[in-house]
Structures are given as C-alpha cells and as structure tokens.
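See below for the structure under consideration.
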Amino acid sequence: MPGTPELEPILSGPPTEVAPRLLGAVLRHAGVAVRLTEVEAYAGADDPGSHAYRGRTPRTAVMFGPPGRLYVYFTYGMHHCANVVCGPDGTASAVLLRAGEVVEGIDLARERRPRSSDRDLARGPARLCRALAIDGEQDGADLTAGPVLEPAAAVAPDRVRTGPRVGLRQAPDRPWRYWLDAEPTVSAYRPAAPLRRRPAP
DNA sequence: CTACCGATATTCT
DNA sequence: GAATATCGGTAGA
C-alpha cells in the first residue's frame, strides 16, 4: 500500500539502539493513535530481565520470529502489554511500549478507560494497550498492516533520557528504559515489588 | 504524593 | 507454591 512506512531500517540492530528510535513514533489501532514517549529494551537470551531469557515458550514465540511484529503478552492475570520485535533476526529482542500520548481518537480512548484523566490514558504499558484496544488478538501482528507503526524523525538526543527498567528484580544495572524529557505522559517509576509474605493464619 | 492490596494467567521451582 | 515487564482502589501523610 502506498505510503506505508518502511520499518526495516528503524527496527534493525540491537534493542538498545532501536528503543530510542521509537520515541516520538506513532502507533495506530482501532481508531486511536498514540505517540510513544517511553519504551524499554529487552535483549533476549543475554538479558535476565527478558521473557525470552529462559528460551522459547508459547507465550514468547513471537519474540523469536522476524522483526516488525507485535509481541503482546498477558500478565498479572488481567493486563496486556505490547512490544515491538526488532532485529537482528533470531535474537528474540524486543522493545516494550511503556507509555505515550493519545494524539487521535481521544474520545474512543476515554471510552476504553472511563475513569482516567487524559494524561493517564496511555501512561503505563497495560494502559497503553487498553487505550489502543490491543490484546492477545494482536500478538504476532505485522506492524505495517494490523496495528500500524509510523516512525518519527529522530528526536534530539538531549531530549532522550535513560534509566533502569521498571518493575524488574533482574539486571537492575542495565539502564534500558528510554523516555522523552519533560513529557507528562511518561509513567511513574516503580521499583520491583518487594517480596510479600502471606498473612499469618 | 506514598503504601498497601487484590485480581489471577503464565511460567518457573 | 511463588514470582511477575501492572493497575485501580483505598487509606493516610
């Protein structure tokens, strides 16, 4: 189809290079468009924080496939989160879409997240999926056809900030979270949940 | 704002 | 049995 963006140059290379390229890009699906303001890199076999670290499972199969697809997983028994699978091929690397700003279809997004402020509509990986109506149906979707990813011009390097990934106990030393400075839609940083003991009987 | 808690599929121990 | 790439509600400072 004419005008379809060419994703290959954007998604080739290690996830730590792909992630900052995705900042400012727009993901469109089901009547809503979100401009990405925060992402995280996951490097597959060498990365203890990655779902792919212990090898392929039914859940993670898409990450082991070709780049340019969406990896959607279901977690905590109720939420979906979306990643862009990137290259090089066979490495199971991906970039988690953590947050963004709704730039189109805001009324639809408000319907999908009724008690949310506009700022919070896509602030957090599961909220972003809800606003875009992304769920398990989109796992493995081609990003030039299903949910559509529209790359942005590279943002100024001094607008990109990095820090530790959110909610991970593993590999906290890798500052692989990337976000745009001074964006209100960037999600709040939360360290990994501490171990919680079962209450006494 | 921080802190806790419940919901509960998938995966691992 | 227990942890997890989370969120929304509630309670409190």
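In this text, all values refer to a predicted model and were calculated from it rather than measured experimentally. Order of the sequence lines fixes the chain letters, A, B, ..., with proteins taken first and strands second; residue numbering starts at 1 for each chain.
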Whole-Å distance between C/dT6 P and A/R177 CZ?
-> 11 Å
For A/S187, check side-chain hydrogen bond (donor to acceptor under 3.5 Å, both in side chains) against everything at least two apart and list the hits.
-> A/E38, A/R98
In short, A/A43 meets A/S93 closest at the heavy-atom pair CA-CB, 4.2 Å
Pick out the pairs of N or O atoms, protein on one side and nucleotides 9-11 of chain C on the other, that lie under 3.5 Å.
from, atom 1, to, atom 2, distance (Å)
C/dG9, OP1, A/R115, NE, 2.8

Give a yes or no on whether a salt bridge exists between A/R110 and A/D118, defined as a side-chain N under 4.0 angstrom from a carboxylate O.
-> yes
What is the distance, rounded to the nearest whole Å, between atom CG of A/L168 and atom P of C/dA3?
-> 16 Å
Only residue of A/L96, A/T162, A/V39, A/V166 satisfying side-chain contact (heavy atoms from CB on, under 4.5 Å) with A/R177 is A/V166
Closest approach of A/L128 to A/G100 (non-hydrogen atoms, all atoms of both residues) | CD1-N, 3.9 Å
Taking all heavy atoms of A/P15 and all of A/A94, pick out the closest pair and write down the distance.
-> CB-O, 3.8 Å
Could you tell me the separation between the OH atom of A/Y76 and the P atom of B/dT11, rounded to a whole number of Å?
-> 15 Å
A/R119 atom CZ is separated from B/dC1 atom C1', nearest whole Å, by 12 Å
Would you be so kind as to tabulate the donor-acceptor pairs closer than 3.5 Å made by side chains of residues 30-37 of chain A, with sequence neighbours excluded?
from, atom 1, to, atom 2, distance (Å)
A/R35, NH1, A/E101, OE1, 2.7
A/R35, NH2, A/E183, OE2, 2.9
A/T37, OG1, A/A99, O, 3.4
A/T37, OG1, A/T185, OG1, 3.1

Within residues 98-105 of chain A, find the residues that approach DNA chain C with a heavy atom at under 4.0 Å, and present them sorted by residue number.
-> A/R98
Quick one: label A/R113 by what it contacts on the DNA or RNA (base, sugar-phosphate, nothing), any heavy atom closer than 4.0 Å.
-> sugar-phosphate
Do A/R165 and A/D47 meet the salt-bridge criterion of a basic N to acidic O distance under 4.0 Å?
-> yes
Residues, nucleotides or ligands: over 12 heavy atoms within 6.0 Å of A/R130 CZ | no
The side-chain hydrogen bond (donor to acceptor under 3.5 Å, both in side chains) partners of A/S116 (sequence neighbours excluded) come to A/R113
Give a yes or no on whether a salt bridge exists between A/D181 and A/R161, defined as a side-chain N under 4.0 angstrom from a carboxylate O.
-> yes
Partners passing side-chain hydrogen bond (donor to acceptor under 3.5 Å, both in side chains) against A/R174 (at least two apart in sequence or in another chain) = none
Euclidean distance for P, C/dA3 against B/dC4 (whole angstrom) = 16 Å
Once you round it to whole Å, what is the distance between P of C/dC7 and NE2 of A/H80?
-> 13 Å
Can you establish whether the number of heavy atoms outside A/F74 located under 6.0 Å from its atom CZ is more than 12?
-> yes
Mind calculating the distance between NE2 (A/H79) and P (B/dA9) to the nearest angstrom?
-> 13 Å
Kindly state which residues belonging to residues 22-45 of chain A come within less than 4.0 angstrom of DNA chain C, counting heavy atoms of the residue only, listed by number.
-> A/Y42
On the 0 to 90° scale, with breaks at 30° and 60°, tag the A/H51-A/Y71 ring pair as parallel, tilted or perpendicular.
-> perpendicular
Which atom names give the shortest non-hydrogen contact between A/L23 and A/V155, and what distance separates them?
-> O-CG1, 3.7 Å
For A/Q138 and A/P147, which heavy atoms make the closest approach, and how far apart are they?
-> CG-CG, 3.7 Å
Who else is in A/V186's hydrophobic cluster (ILVMFWY, side-chain heavy atoms under 4.5 Å, direct or via others)?
-> A/W179
Would a hydrophobic clustering, with Ile, Leu, Val, Met, Phe, Trp and Tyr connected at side-chain separations under 4.5 Å, put A/L22 with A/V85?
-> no
Is there a residue in residues 124-139 of chain A whose heavy atoms reach under 4.0 Å of DNA chain C, and which residues are they?
-> A/G124, A/P125, A/A126, A/R127
In residues 52-75 of chain A, which ones come under 4.0 Å of DNA chain B, going by heavy atoms?
-> A/R54, A/T57, A/P58, A/R59, A/F74
Distance, rounded to the nearest Å, where A/D120 contributes CG and C/dT6 contributes P = 15 Å
Find the runs of at least 3 consecutive base pairs, i with j, i+1 with j-1 and so on, that include DNA chain C, using Watson-Crick or G-U wobble geometry with both distances under 3.5 Å.
-> B:1-7 with C:6-12, B:9-12 with C:1-4
Kindly write out the residues that satisfy side-chain hydrogen bond (donor to acceptor under 3.5 Å, both in side chains) with A/T16, not counting sequence neighbours, or none if the list is empty.
-> none
